[in-house]
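Working notes, beginning with the structure itself.
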Amino acid sequence: MEHAPLLGPQAPAPLPLRLLGRLVDWVVIGIGATMATMVFINVSLHIIHKDLAWVTEFGELLLVWVTFLGGACAVQRGSHMSITEFIDKLKPAHRRWADAVVQAICLGMLVVLTYYGWSLVDANWGNRLTVIGWPMAIQYMGMAVGSSLMLIFMAWDLWQILAGVPRDQRYPDSE
């Protein structure tokens, strides 16, 4: 027997949330294209025994950003890694509660990661990257921004779960 949702029926994600998701997608694509281009150019320069020293350091900075923003892309689609053998065997009403508990635990972890991420950013404005000379806080900001975005997307998903929206309706493209 399906229980009534705790919250009222929900429409698709609000427009600002959908636009934020698309922006994150395009930023990840842009960073990936930039990294691929930089590495290709630097490897090509090695043929003539040249090297752009800043490419390695800037590539590391971009890798942090693309990793955490990529995580936000996965969370907004519900495609982040999960092990569901136990949850998949539950009845729909129990499945919803199990999903809610898992999302709440993940949300708690993201709160911690976001808090400490922004603390790292705040503490590292005075430290400089060796070659490009930018504040190290910019590199750490990738973790803080990505975690903040994951927190927003996951909070929306938890809201949807509590509203009784099943996974196939929350993520119609994931099946």
Over all atoms of both residues, closest heavy-atom pair of [X] and [Y]:
{"X": "L110", "Y": "L151", "value": "C-CD1, 3.5 Å"}
{"X": "A100", "Y": "L158", "value": "O-CD1, 3.5 Å"}
{"X": "C106", "Y": "M154", "value": "CB-SD, 3.2 Å"}
{"X": "F153", "Y": "G21", "value": "CZ-CA, 3.7 Å"}
{"X": "D25", "Y": "C73", "value": "OD1-SG, 3.2 Å"}
{"X": "A144", "Y": "G117", "value": "CB-C, 3.6 Å"}

Item to check | Pair D99 + R96: basic N to acidic O under 4.0 Å | outcome: no
Rounded to the nearest 0.5 Å, how far apart are [atom1] of [X] and [atom2] of [Y]?
{"X": "Q139", "Y": "N127", "atom1": "CD", "atom2": "CG", "result": "11.5 Å"}
{"X": "I161", "Y": "Q103", "atom1": "CD1", "atom2": "CD", "result": "4.5 Å"}
{"X": "I29", "Y": "L69", "atom1": "CD1", "atom2": "CG", "result": "12.0 Å"}
{"X": "Y140", "Y": "S119", "atom1": "OH", "atom2": "OG", "result": "12.5 Å"}
{"X": "M150", "Y": "L107", "atom1": "CE", "atom2": "CG", "result": "12.0 Å"}
{"X": "I31", "Y": "L62", "atom1": "CD1", "atom2": "CG", "result": "6.0 Å"}

Flag yes if [X] and [Y] sit in one hydrophobic cluster, no otherwise; membership is Ile, Leu, Val, Met, Phe, Trp, Tyr, and two members link when side-chain heavy atoms are under 4.5 Å apart.
{"X": "M35", "Y": "V24", "result": "yes"}
{"X": "I48", "Y": "V55", "result": "yes"}
{"X": "M109", "Y": "V102", "result": "no"}
{"X": "L19", "Y": "V75", "result": "no"}
{"X": "L63", "Y": "M141", "result": "yes"}

Measure the shortest side-chain to side-chain distance between [X] and [Y] over non-hydrogen atoms and say whether it is less than 4.5 angstrom.
{"X": "P14", "Y": "L17", "result": "yes"}
{"X": "I41", "Y": "M38", "result": "no"}
{"X": "L90", "Y": "W97", "result": "no"}
{"X": "V27", "Y": "W65", "result": "no"}

Checklist entry - Is a side-chain N or O of N42 found less than 3.5 angstrom from the main chain of L52, in a donor-acceptor match? => result yes
Checklist entry - Has the side chain of Q160 got a donor or acceptor atom that lies under 3.5 Å from a matching backbone atom of V165? => result no
Checklist entry - Can you find a side-chain donor-acceptor pair between W118 and S147 that sits under 3.5 Å? => result no
Checklist entry - Would you say the side-chain atoms of Q76 and D157 include a donor-acceptor pair closer than 3.5 Å? => result no
